[in-house]
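Report on the following structure.
Excluded from the calculations below are hydrogen atoms, water molecules and symmetry mates; all remaining heavy atoms, backbone and side chain alike, are included. Whatever order the structure lists ligands and atoms in, that order sets their numbers, starting from 1. Model, not experiment: these values are computed from the prediction. Counting begins at 1 with the first residue of the sequence.
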Amino acid sequence: MVARATAGVLAGLTILGVGQLVSVLIAPASAPLLAIGATAVDRAPAWARQFAIDTFGTNDKLALFVGMGAATVLVAAVAGVLERSNRPFGSIIFAILGLVAAGAALQRPGATWLYALPTLVGVVAGITVLRLLTASARPPVAEAAPDFSRRRFLVLATTAAAVAAGSAATGRFLAQQLNNAIENRRNFRLPFIAARDRAAAIAAGTDVAVPGVSTFVTPNASFYRIDTALQVPRLTTDEWQLRIHGMVDRELTLSWDDLTARTPIERVITLTCVSNEVGGPLAGNATWTGYPIASILEQVGISPDADMLLSKSSDGFTAGTPLAVLRDGRDALLAVTMNGEPLPFEHGYPVRQVVPGLYGFVSATKWVVDWEITRFDRAEAYWTKRGWGAQAPIKTASRIEVPAALAPVAAGSVLVAGTAWAQHRGIAKVEVRVDNGPWNLATLAPQYSIDTWRQWTWQWQATPGLHTLQVRATDLDGNVQVEERTPPIPGGATGWHNRSITVA
Ligand SMILES: Nc1nc2c(c(=O)[nH]1)N[C@H]1C(S)=C(S)[C@@H](COP(=O)(O)O)O[C@H]1N2
Ligand SMILES: [Mo]
């Protein structure tokens with residue numbers, strides 16, 4: 001009886017512990033006990049709330065958890081006592097409670113179906129523990145070997161207790177880290193930018209403001225996100241540091257205070273992903289503030305034999321950037337803000353690189369914590385090891401955004417519009433043609449800088465029928481967007497973007 005009750009309690013604790021651990025991957029509010037508690041609080045009738053506050057005062061939450069903990073232990077003990085291998089009543093009780101907890105998790109604000117996962121994984125683990133333990137708690141068939149059975153039970157029970165406690169503790173620890181990082185970001189103080197170091201104002205008309213055309217500045221919430229991180233790193237500014245080593249005269253480790261003691265600048269820079277297909281969405285433009293990379297390189301003293309900065313993120317991603325590019329006077333930054341906010345966690349909080357003119361995979365390391373100064377013939381970065389190029393300047397590109405694909409269009413004057421980019425070279429012209437006819441010069445919005453994308457518009461006198469629009473850009477170095485269609489790997493897609501339009 002005691003053994004069975006113990007088995008039940010351990011199974012219950014396994015559910016909570018494993019659930020807590022898995023919840024870290026999803027959201028703190030998806031942990032089973034927390035979900036039941038929070039949903040209970042939200043649904044409690046007024047009298048219950050008043051009773052709790054009157055009885056426990058500001059300890060009402062603690063009381064709730066103590067109460068829920070005691071109830072869990074009690075129910076779990078009963079489940080253990082009732083469990084039999086041929087009549088799994090205990091397992092059924094856990095399954096039902098699991099459904100209740102999963103249901104509660106699904107009620108949390110912003111919940112997706114993933115919120116049910118911690119409880120479900122926990123219940124599977126808990127029932128397994130219950131079955132294993134109660135099977136070995138059965139009175140031995142052969143009276144000759146009672147010690148064996150007891151030893152086996154003790155070993156299993158200890159293991160289950162360790163798993164439950166270990167996963168609960170790890171889960172709590174990780175949840176705490178998450179909260180610390182959120183708190184740290186909330187208390188972030190935006191760097192002060194001297195007037196001469198601010199980004200130039202965005203002239204009227206730079207954003208053509210045509211509905212359907214990407215805005216000139218991309219809001220953080222809609223900025224494309226590409227990375228290998230299954231779990232977004234959550235570093236605080238206190239934990240963050242940048243270790244600089246390799247082919248340098250003086251190794252240096254920058255703390256957050258060291259970094260922010262430097263002079264920040266503000267710039268508008270367009271980022272692009274090498275994986276973007278012709279006409280694709282993987283580009284965005286933001287106002288960044290950060291610290292010039294070139295001056296940090298100068299401080300550590302770069303060996304004349306070095307040609308690569310191998311930057312590494314806290315989760316092990318690496319990018320190899322040509323030192324020559326970082327030192328040619330362009331605004332390569334260790335960025336700390338994006339569109340007037342601390343970097344979103346997904347975009348690299350607290351520090352990421354932004355390098356005008358290079359694809360993200362060779363330059364834009366998020367959560368950057370380590371710089372090795374090395375050579376391209378000695379080191380290989382993350383994607384280069386996987387078949388992508390070692391060096392990758394951005395290819396001259398343009399896309400049609402309006403009219404939308406499949407949008408109904410009436411004959412007559414139709415506005416065609418989109419975006420073109422060739423970062424750090426700048427866009428010189430954009431041309432549009434219909435059904436492989438002659439090229440027409442599009443009207444370009446004012447150029448903000450050679451490091452940003454540029455919008456274009458063209459008035460089309462559309463006639464009824466099915467037509468194909470095509471666009472190509474030319475950069476200020478005179479390179480015409482390459483016509484031949486090639487896939488993104490290894491150095492970025494080429495080809496002219498088409499759009500088929502049916503005119504009524
Ligand atoms: N740590 C880390 N940084 C990274 C990546 C990554 O996988 N891990 N991906 C890079 C790639 S391929 C691109 S295109 C840009 C995208 O930056 P964004 O997600 O802020 O748009 O980040 C770069 N920085
Ligand atoms: Mo990318």
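- Close contacts of ligand 1 with C273, meaning ligand atoms under 4.0 Å from a residue heavy atom, involve 14 (S).
- Ranking protein heavy atoms by distance to atom 13 (C) of ligand 1, first place goes to G360 CA, 3.7 Å.
- Sparse packing is recorded around CZ of F173, with 12 or fewer heavy atoms of other residues, nucleotides or ligands lying under 6.0 Å away.
- From the protein, the heavy atom lying nearest to atom 3 (N) of ligand 1 is K366 N, 3.0 Å.
- Nearest-heavy-atom check against atom 6 (C) of ligand 1 across V368, D227, N276 picks out D227.
- Closest of all the heavy-atom pairs between N276 and P281 is OD1-N, 3.2 Å.
- Each salt bridge (Lys or Arg N to Asp or Glu O under 4.0 Å) pair with one or both residues in residues 201-229, not counting sequence neighbours, appears once here: R225-D227, D227-K366.
- Under 4.0 Å is where a charged nitrogen must lie from a carboxylate oxygen, and between R485 and E277 no such pair does.
- The proximity of W367 to ligand 1, defined as any non-hydrogen pair under 4.0 Å, is limited to the side chain.
- In summary, the atoms of ligand 1 found under 4.0 Å from a heavy atom of S313, numbered by their order in the structure, are 1 (N).
- Set against the non-hydrogen atoms of T365, the atoms of ligand 1 under 4.0 Å away are 3 (N), 24 (N).
- Given atom 8 (N) of ligand 1, the protein heavy atom at minimum distance is F317 CG, 3.2 Å.
- Residue contacts with ligand 1, taken as heavy atom pairs separated by less than 4.0 Å, involve F223 solely via side-chain atoms from C-beta onward.
- Remark: L406 CG is loosely packed, at most 12 non-hydrogen atoms of other residues, nucleotides or ligands lying under 6.0 Å away.
- Here the heavy atom of the protein found nearest to atom 21 (O) of ligand 1 is Y224 O, 2.6 Å.
- Looking at T228 next to ligand 1, an N or O pair under 3.5 Å apart turns up.
- Panel note: side chain W383, backbone G389; no donor-acceptor pair is recorded below 3.5 Å.
- In this structure, the separation between CD1 on I193 and CD1 on I265 is 8.5 Å, given to the nearest 0.5 Å.
- Less than 4.0 angstrom separates some heavy atom of F361 from each of these atoms of ligand 1: 11 (C), 12 (S).
- Regarding atom 24 (N) of ligand 1, its nearest protein heavy-atom neighbour is A364 O, 3.0 Å.
- For atom 16 (C) of ligand 1, the closest non-hydrogen atom on the protein side is I226 O, 3.7 Å.
- Between R352 and ligand 1 there is a heavy-atom distance shorter than 4.0 Å.
- Of the options T365, L242, T318, a side chain to side chain contact (heavy atoms under 4.5 Å, CB included) to K312 is made by T318 and by none of the others.
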